[in-house]
Structures are given as C-alpha cells and as structure tokens.
Amino acid sequence: MTTRNYWLMKSEPDAYGIDQLKQEGSTLWDGIRNYQARNFMRSMVVGDRAFFYHSNCKPPGIVGLMEVTETRIIDPTQFDAKAKYYDPNSKQDKPRWDCVQLRYLGCFNELLSLEKLRDRYSAEELPVVRKGNRLSILPVPKSTATNLLQWLGPLN
DNA sequence: GCCAACGTTGGC
DNA sequence: GCCAACGTTGGC
C-alpha cells in the first residue's frame, strides 16, 4: 500500500504548457503567491503525482502527469527585484514562498476538459470542478485519482 | 469582454 | 478588527 498523494496544478499554456515541460523534462514550480496553494505544496512529498491542468484556454482541462522530485525549495523569484513575482516583503532569512521540483511523466492521449470532469465528478470528488475555484494547486482525492488514471489511459 | 468568486490592502 | 475598494483568476 503506497502513501502517494495526488494533486492538480494549473498553468496557462501561453505562459508554461505541457509541451514546454515535455521538452525540458522537469521544472521548478515557482511564482506561487497564494498561501493556500503554497501550503498545499508544502504538504507534498517526493513521489507524489500531479495532474497538469491547462487553464485560461479553450478548452481548459487535464493534459498530463508529473512527479514531485523535490520539495520545500525556496522560490528564488521572490528576491529578484526584476522578476514578475518579486515580493519586497519577503526576507532572505525568513522566505515567504517556496515551491517544488516536478518531473514530466507523460501526456494523455487527449485533453480531458473541465466540462467532462464536471460531468463525472462532484466538487467533493474533484475540487477543481467547484464553481469559481481559482486556486492553482488543489488536492485530488486518491479514489478520484485512481479513477482518472484509468479513464485517461496510458501516458504518451 | 464580462463577471463571479475570491484574496489582499489599507483606512478607520 | 472591520470592511470597502481594488486586483486577480479563469470560466464562459
């Protein structure tokens, strides 16, 4: 019995999409500036899996799968005055924001749209389908994750 | 482009 | 500590 947890992580494909991750192999999930999302990242452990979700596009939905390879990494962009995600209130000796390193595991055969996700799952089963949900990092209950993986089929 | 659903900021 | 104003996310 594994204790692996599952997550859903959003990114706008125009900013950073699954194709880019596929090319790079792995990425630092930096720039998170929401405490709830950060706290979810803090509760991740190495080996956890995350569904890659394309947001703010047509259609939005799940496109691939990632693995957490490193946790609690201090987000370097918070100290970079030129960075978009610079946080002048974060101090070097007490960083406010951290992130995780993720490895590309694969793409699914087709995008699983939010519309289809809503048809199959309730907000309790899959929090991302809750109306108005803006959190960019969300948990996926294990039973839903298992069901999703079966539905999505093999990775490419 | 519209707007619902928040999270954040700052005056008091 | 309250809350109005404002900003952001992201579906539609």
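Across residues 30-42 of chain A, N34(A), Y35(A), Q36(A) each have a non-hydrogen atom less than 4.0 Å from an atom of DNA chain B (numbered order).
Take E115(A) and apply the side chain to side chain donor-acceptor pair (under 3.5 Å) test, not counting sequence neighbours, and it matches no residue. Residues meeting the side chain to side chain donor-acceptor pair (under 3.5 Å) test with S113(A), sequence neighbours left out: none. Residues that satisfy the salt bridge (Lys or Arg N to Asp or Glu O under 4.0 Å) test with R38(A), not counting sequence neighbours, are absent from this structure. Take E110(A) and apply the side chain to side chain contact (heavy atoms under 4.5 Å, CB included) test, not counting sequence neighbours, and it matches K116(A).
Within the 4.0 angstrom heavy-atom criterion, no nucleotide atom of any strand lies near R130(A).
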Fill in: Sugar-phosphate or base contact per nucleotide [nucleotides 5-10 of chain C; S, B, -; heavy atom under 4.0 Å]
--BBBB
Between side-chain atoms of residues 148-156 of chain A and protein atoms elsewhere (two or more places apart, or another chain), which donor-acceptor pairs fall under 3.5 Å?
from    : atom 1 : to      : atom 2 : distance (Å)
N156(A) : ND2    : N109(A) : OD1    : 2.8

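In the hydrophobic clustering, where aliphatic and aromatic side chains (Ile, Leu, Val, Met, Phe, Trp, Tyr) are joined below 4.5 Å either directly or transitively, I74(A) groups with F79(A).
Evaluation of the ring pair (Phe, Tyr, Trp, His ring centres under 6.0 Å) test over residues 80-123 of chain A, restricted to residues two or more places apart or in two chains, returns Y35(A)-W97(A).
As rounded to whole Å, 11 Å separates atom C1' of dC12(C) from atom NZ of K131(A). To the nearest angstrom, P of dC12(C) lies 17 Å from NE2 of H54(A).
Between W7(A) and F40(A), the ring planes lie tilted relative to each other; the angle falls in the 30° to 60° range.
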